[in-house]
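Remember, predicted model here, so these are calculated numbers, not experimental data. Just so you know, residue 1 is the first one in the sequence shown, and it goes up from there.
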Amino acid sequence: MPIARPAAPVRLEAVELRVLHLPLVSPFTTSFGTETEREVIVVRARTAGGDGWGEIVTQQAPLYSSEYTQGAWDVAQRFLVPALLNAGSPDAGTLAPEDVSGILEPFVGHRMVKAGLELAVLDAALRAEGRPLGEYLGVVRDRIPSGVSVGIQRDPAALVEAVGRYLEEGYVRIKIKIKPGRDVVDTAAVRDAFGAIPLQVDANSAYSLADVEILAELDRFDLLLIEQPLQEDDIVDHATLAARLHTPVCLDESIVSAKAAADALALRAASVINIKAGRVGGYLEAVRVHDLCRDAGVPVWCGGMLETGIGRAANAALAALPGFTLPGDVSASNRFYTRDVVTEPIVLEDGHVRVPTGPGIGVEIDPVALDDATVARVELRR
Ligand code: OSB
Ligand code: MG
């Protein structure tokens with residue numbers, strides 16, 4: 001469903017940006033690299049009616065997507081934040097959250113930056129109204145089943161150990177990262193150890209169509225899906241691959257907008273879609289992707305970008321929309337962090353995560369934790 005009731009406009013007075021460095025509880029390895037520390041940008045929208053918070057989910061290096069944190073830091077200050085601060089009629093000077101994406105639209109790409117800015121403005125607007133983000137987006141649940149994304153480990157035995165710990169904690173769905181040479185063996189090890197658990201794999205673009213035989217070997221593991229086997233722009237190749245596999249193909253990196261989602265579905269390049277607000281340019285575009293998939297009868301699930309408590313709270317709300325019929329990568333904060341930047345980080349309860357019910361994103365910032373994690377800070381004023 002489209003947003004039923006728009007948020008009241010805000011008077012945007014300043015935007016504060018911070019680069020945070022947050023140590024990860026353990027290294028996170030994917031087909032594109034290993035991270036030991038999360039570098040991320042937090043946005044504070046300062047409005048006449050109070051502050052709002054958002055998160056720009058870029059990573060330190062452009063390996064998952066072309067966006068990266070220093071590029072985001074630059075484009076935000078040079079172009080995107082000034083465009084928002086200058087928006088609105090000069091006397092009224094107000095900005096509606098629903099207008100943010102249109103104001104930023106002339107600037108090509110940089111969707112993660114746009115998403116973080118939009119969320120901060122939206123959070124400020126909703127907090128001023130005392131209205132929860134979930135209610136605004138149209139949630140139909142008060143909690144969501146929680147899956148966990150498990151990085152590539154030293155060897156399959158270490159993977160089995162890691163997966164075992166997450167299952168003990170209660171996660172209801174396991175996703176393992178794969179890459180060439182660590183696909184069939186790792187998947188077989190997890191299946192052998194744990195039987196018919198809900199299991200899926202994520203290749204993060206590590207294969208090409210020439211690898212179809214190897215990918216078809218995964219069919220025997222009865223996976224929920226294989227996520228993004230091929231490159232971001234390999235839409236036709238994904239369609240060719242999908243026709244050759246029994247395992248459903250799910251797209252992540254390729255789905256950069258509602259238009260990209262519609263095109264991928266039209267070409268039969270995917271039968272499941274991973275929705276990440278950052279990747280598609282915001283939570284409102286994420287709802288549009290959700291809506292079109294729901295109309296097409298295509299299941300979606302909420303992906304993650306190792307969010308802090310800010311983005312994690314917003315993801316928990318997004319994932320409670322009706323079309324999110326598969327468990328997402330919305331795990332507890334302690335899956336990645338010992339110390340989050342919010343006062344009540346997301347926790348796992350009986351394999352589920354609660355949808356926040358407070359105003360806006362529904363979590364409060366821990367100012368000391370935020371300052372401790374901050375390595376750069378700038379404020380742009382009207
Ligand atoms: O491909 O889904 C991905 C993390 C960073 C970049 C890309 C991905 C991921 C994850 C982690 O899989 C998801 C999470 O935040 O738990
Ligand atoms: Mg992925």
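- E232 and S205 make their closest contact through N-OG, 4.1 Å (heavy atoms, listed as atom of the first residue, atom of the second, distance).
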- Task: List the steps and the verdict of side-chain contact (heavy atoms from CB on, under 4.5 Å) for E217 and I214.
- Result: CA-CA 5 Å; E217 278 186 54; I214 278 281; 3.9 Å; yes
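- Within 6.0 Å of atom CD in Q60, 12 or fewer heavy atoms from other residues, nucleotides or ligands are found, so the atom counts as exposed in its surroundings.
- For the atom pair T325 OG1 and R294 CZ, the distance stands at 10.0 Å (nearest 0.5 Å).
- Here the CG atom belonging to L122 is positioned 6.0 Å from the CG atom belonging to L284, to the nearest 0.5 angstrom.
- Criterion: ILVMFWY side-chain heavy atoms under 4.5 Å apart, direct or through other members. Under it, V148 and L224 are not part of a common hydrophobic cluster.
- One finds the CG atom of L104 at 10.5 Å from the CG atom of D99 (value rounded to the nearest 0.5 Å).
- At a threshold of 4.5 Å between side-chain heavy atoms, the hydrophobic network of Ile, Leu, Val, Met, Phe, Trp and Tyr places W53 and L12 in two separate groups.
- Put simply, the side chain of T29 never gets that close to the backbone of T34: no donor and acceptor are under 3.5 Å apart.
- Y64 is not connected to L251 by any chain of hydrophobic side-chain contacts under 4.5 Å among Ile, Leu, Val, Met, Phe, Trp and Tyr, and they are in different clusters.
- Looking at R173, its side chain does come within 3.5 Å of a backbone N or O of P327 through a donor-acceptor pair.
- Without hydrogens or angle criteria, E98 side chain to P6 main chain gives no donor-acceptor distance under 3.5 Å.
- Donor-acceptor pairing under 3.5 Å is lacking for the side chains of E253 and S65.
- When atom types are taken as modelled, the side chain of E161 and the backbone of A157 share no donor-acceptor pair closer than 3.5 angstrom.
- Panel note: side chain R191, backbone I197; a donor-acceptor pair is recorded below 3.5 Å.
- Comment: R165 does not engage E169 in a salt bridge, judged by the lack of any side-chain N to carboxylate O separation of less than 4.0 angstrom.
- Distance check: L80 CG to E118 CD gives 12.5 Å after rounding to the nearest 0.5 Å.
- Taking 4.0 Å as the cut-off between side-chain N and carboxylate O, E379 and R46 count as a salt-bridged pair.
- Across every non-hydrogen atom of D123 and G52, the tightest pair is OD2-CA, 3.4 Å.
- D219 contributes a side-chain N or O that, together with a main-chain N or O of H246, makes up a donor-acceptor pair within less than 3.5 Å.
- The distance from atom NZ of K276 to atom CD of E307, rounded to the nearest 0.5 Å, is 8.0 Å.
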- Task: Please step through side-chain contact (heavy atoms from CB on, under 4.5 Å) for the pair D371 and R18, ending with a clear verdict.
- Result: CA-CA 9 Å; D371 280 347; R18 293 168 182 250; 2.9 Å; yes
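- Listed for the T69 side chain is a donor-acceptor partner under 3.5 Å among the backbone atoms of Q59.
- The two residues P248 and S271 come nearest to each other via the heavy atoms CB-OG, 3.5 Å.
- R288 and E285 are joined by a salt bridge, as a carboxylate oxygen and a charged side-chain nitrogen come within less than 4.0 angstrom of each other.
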- Assess whether side-chain contact (heavy atoms from CB on, under 4.5 Å) is satisfied between F107 and V75, documenting all intermediate values. CA-CA 9 Å; F107 303 100; V75 80; 5.9 Å; no
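- When the side chains of ILVMFWY residues are joined at heavy-atom separations under 4.5 Å, either directly or via intervening members, L241 and L223 end up in a single hydrophobic cluster.
- Side-chain atoms of Y207 come within 3.5 Å of backbone atoms of K179 as a donor-acceptor pair (strictly under, hydrogens ignored).
- Checking side-chain atoms of T240 against main-chain N and O of V236 turns up a donor-acceptor pair under 3.5 Å.
- Partner of F221 under the side-chain contact (heavy atoms from CB on, under 4.5 Å) criterion, chosen from D192, I226, T247, V184: V184.
- Counting heavy atoms from C-beta outward, L225 and W301 have side chains that approach closer than 4.5 Å.
- Annotation: side chain of V43 is not in contact with side chain of L119 (no heavy-atom distance under 4.5 Å).
- Proximity of R38 to V57: side-chain heavy atoms (C-beta onward) are separated by under 4.5 Å at one or more points.
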- Task: Evaluate the criterion salt bridge (charged side-chain N to carboxylate O under 4.0 Å, His left out) for residue pair D329 and R312; output intermediate values, then yes/no.
- Result: CA-CA 10 Å; D329 286 343; R312 203 166 287 276; over 6 Å; no
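- At a threshold of 4.5 Å between side-chain heavy atoms, the hydrophobic network of Ile, Leu, Val, Met, Phe, Trp and Tyr places L17 and L85 in one connected group.
- Considering every non-hydrogen atom in both L292 and A258, the closest pair reads CD2-O, 3.3 Å.
- A donor-acceptor pair is defined here as one N or O able to donate and one able to accept, closer than 3.5 Å; such a pair exists between the side chain of E67 and the backbone of M112.
- Using a 4.0 Å cut-off between a side-chain N of Lys or Arg and a carboxylate O of Asp or Glu, D372 and R339 qualify as a salt bridge.
- Salt-bridge check for E364 with R127: passed, with a basic side-chain N closer than 4.0 Å to an acidic carboxylate O.
- Heavy atoms from other residues, nucleotides or ligands lying under 6.0 Å from CZ of R141 number more than 12.
- Ring geometry, F28 versus F336: the interplanar angle exceeds 60°, so the pair is classed perpendicular (tilted spans 30 to 60°).
- Under 3.5 Å, the side chains of D340 and S333 contain a donor-acceptor pair of N or O atoms.
- For R244, the CZ atom counts as loosely surrounded, since its 6.0 Å shell holds 12 or fewer non-hydrogen atoms of other residues, nucleotides or ligands.
- Ion pairing between R143 and E349 fails under the 4.0 Å rule for side-chain N and carboxylate O.
- Minimum interatomic distance between G351 and L348 (heavy atoms only, all atoms of both residues): C-CD1, 3.8 Å.
- The minimum heavy-atom distance between P97 and A125, with the atom names listed, is CG-CB, 3.5 Å.
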- Item | Test side-chain contact (heavy atoms from CB on, under 4.5 Å) applied to V341 and D366, step by step | CA-CA 5 Å; V341 298; D366 176 339; 5.7 Å; no
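- Note: Y166 and Y171 have perpendicular aromatic rings, judged against thresholds of 30 and 60 degrees for the angle between ring planes.
- Under the 4.5 Å side-chain criterion, counting only non-hydrogen atoms from C-beta, D211 is in contact with S208.
- The residue from D202, L159, V190, D186 that alone fulfils the side-chain contact (heavy atoms from CB on, under 4.5 Å) condition with V150 is L159.
- Side chains of N274 and R279 form a contact here, defined as non-hydrogen atoms less than 4.5 Å apart.
- No side-chain heavy atom of F324 sits less than 4.5 Å from a side-chain heavy atom of I144.
- In this structure, L20 CG and E39 CD are separated by 9.5 Å, a value rounded to the nearest 0.5 Å.
- Residues L306 and E35 form a side-chain contact, since some pair of their non-hydrogen atoms from C-beta on lies under 4.5 Å apart.
- At a threshold of 4.5 Å between non-hydrogen side-chain atoms, the residues D263 and I235 do not count as touching.
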